[in-house]
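Report on the structure given below.
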Amino acid sequence: QILSLDKITSIQVNDESIQKQLMESMLINRESKIKGQKEITITANGEGKRQVNLSYFIEAPVWKVSYRVIIPDDSSDKETENYVLQAWAIVDNITEESWDNVRLTLISGEPHSCDVDLFNPIYKRSTTSNEPQIELQSRSVRNMASNRMPQVLHQQQMLPVANNMMTQAPVDNTETKELGDLFQYEIVHPVSVSSNQSALVPIAEKKVTGARVAVFNPEKHGSHPYSAILLVNNTGLTLEGGPCSVIESGTFIGECKIDTVQRGERK
């Protein structure tokens, strides 16, 4: 017999053996979830009722970026002309809770970090030799769960490709800031990503200067050169490396992989 779960409010197991096995299984599952939990006591100095804000850091996948260059319909063989460069960030929510209208900040570059086990106790063990030796408990490396996430890219205020795109004013989706050798993208609009899913978030739409060129590489193709475009990064942003699609008159005409492009650099 098949029953709809939304109509069931409680279940009673009459078989004592099955009931015992079910309770043991539920207890093991509960203990496995709370095994790595720690109780934290927070003490706030002062008196009276106050508001306390708590924040924490967790390990997360590296965000990725994808670009699209739009060539205008009235494009010609002029030495230089204006194109539109659109950039999207791909972020993954691997947590067990959904992100509902959260503030998202992305950092480009490779900040130095290391994996240190501050969770497990470290012991100093005594030895019987005359020379003191220190033995530390081996540190366990915290690995992220390798469960494959469903690659569902949810649209976050995506901008359509229109033939009159070149006449529209660029939309600022991010606020940027320099952090030494790093670059910060502060997403202006709130972002929502369900648990264990991914999102495609627009981070830039800028006009850039470019030109049509021919690239001849005899090692890859010795009979004729490739058609390409040469872009100047005059967006004022540091562009992370990623795939780049080229669109002309609403049609896909090619794709390439670009490395990190600094401001003012030609690529």
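When reading the values below, keep in mind they use all heavy atoms of this one structure, side chains included, and skip hydrogens, waters and symmetry mates.
Note: the hydrophobic cluster containing Ile18 also contains Met26 (ILVMFWY, side chain heavy atoms under 4.5 Å, direct or indirect links). One hydrophobic cluster holds both Tyr185 and Val102 under the rule that ILVMFWY side chains link at heavy-atom gaps under 4.5 Å. Both Val215 and Leu230 are assigned to one and the same hydrophobic cluster, defined by single-linkage of ILVMFWY side chains at heavy-atom distances under 4.5 Å.
Pairing each heavy atom of Tyr83 with each of Val69, the nearest pair is CB-CG1, 4.1 Å. Across every non-hydrogen atom of Val208 and Val232, the tightest pair is CB-O, 3.8 Å. The two residues Ser245 and Glu255 come nearest to each other via the heavy atoms OG-OE2, 3.6 Å. When all heavy atoms of Val193 and Ser198 are compared, the closest pair comes out as CG1-C, 4.1 Å. Annotation for Lys267 and Glu265: closest pair NZ-OE2, 3.8 Å, computed over non-hydrogen atoms. Closest approach of Thr105 to Glu186, counting heavy atoms only: OG1-OE1, 2.7 Å.
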Going through the checks in order, is the side chain to side chain contact (heavy atoms under 4.5 Å, CB included) test met by Ile71 and Val246?
CA-CA 7 Å; Ile71 301 176; Val246 181; 3.8 Å; yes
Take Lys64 and Val62 through the side chain to side chain contact (heavy atoms under 4.5 Å, CB included) test and state the conclusion after the steps.
CA-CA 6 Å; Lys64 303 172 286 292; Val62 176; 5.7 Å; no
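In this view, Arg266 satisfies the salt bridge (Lys or Arg N to Asp or Glu O under 4.0 Å) rule with no residue, not counting sequence neighbours. With sequence neighbours excluded, the residues that form a side-chain contact (heavy atoms from CB on, under 4.5 Å) with Ser66 are Pro243. Judged as a side-chain contact (heavy atoms from CB on, under 4.5 Å), and not counting sequence neighbours, Glu16 has no contacts.
Within the model, atoms CG of Leu106 and CD1 of Ile90 stand 11.5 Å from one another, a figure rounded to the nearest 0.5 Å. Between the CD1 atom of Ile247 and the CD atom of Gln86 there is a distance of 9.0 Å, given to the nearest 0.5 Å. The distance from atom CD1 of Ile187 to atom CD1 of Ile203, rounded to the nearest 0.5 Å, is 6.5 Å. With rounding to the nearest 0.5 Å, the separation of CD in Glu81 from NZ in Lys207 is 12.5 Å.
Each of Asn233, Leu231, Thr238 was compared with Val261 under the side-chain contact (heavy atoms from CB on, under 4.5 Å) criterion, and only Asn233 meets it. Partner of Asn234 under the side-chain contact (heavy atoms from CB on, under 4.5 Å) criterion, out of Thr209, Leu85, Asn82: Thr209 alone.
Looking at Ser192, its side chain does come within 3.5 Å of a backbone N or O of Asn101 through a donor-acceptor pair. Side chain of Trp63 to main chain of Asp92: no donor-acceptor pair is present (N/O by atom type, distance under 3.5 Å, no hydrogens or angles). In this structure, the side chain of Tyr67 engages the main chain of Glu240 through a donor-acceptor pair within 3.5 Å.
The pair Glu248-Arg212 meets the salt-bridge criterion, since a charged nitrogen lies less than 4.0 angstrom from a carboxylate oxygen.
Proximity of Asn53 to Gln51: side-chain heavy atoms (C-beta onward) are separated by under 4.5 Å at one or more points. When side chains are defined from C-beta on, Leu239 counts as touching Thr235, because their heavy atoms get closer than 4.5 Å. In this structure, the side chains of Lys20 and Leu22 stay at 4.5 Å or more apart for every pair of heavy atoms. Side-chain contact between Trp88 and Arg68 is present, with at least one heavy-atom pair separated by less than 4.5 Å.
Side-chain contact, Asp100 with Ser98: no donor N or O sits under 3.5 Å from an acceptor N or O. With hydrogens and angles left out, the side-chain atoms of Glu97 and Ser195 include no donor and acceptor closer than 3.5 Å.
The number of heavy-atom neighbours closer than 6.0 Å to CD of Glu96, taken from other residues, nucleotides and ligands shown, is 12 or below.
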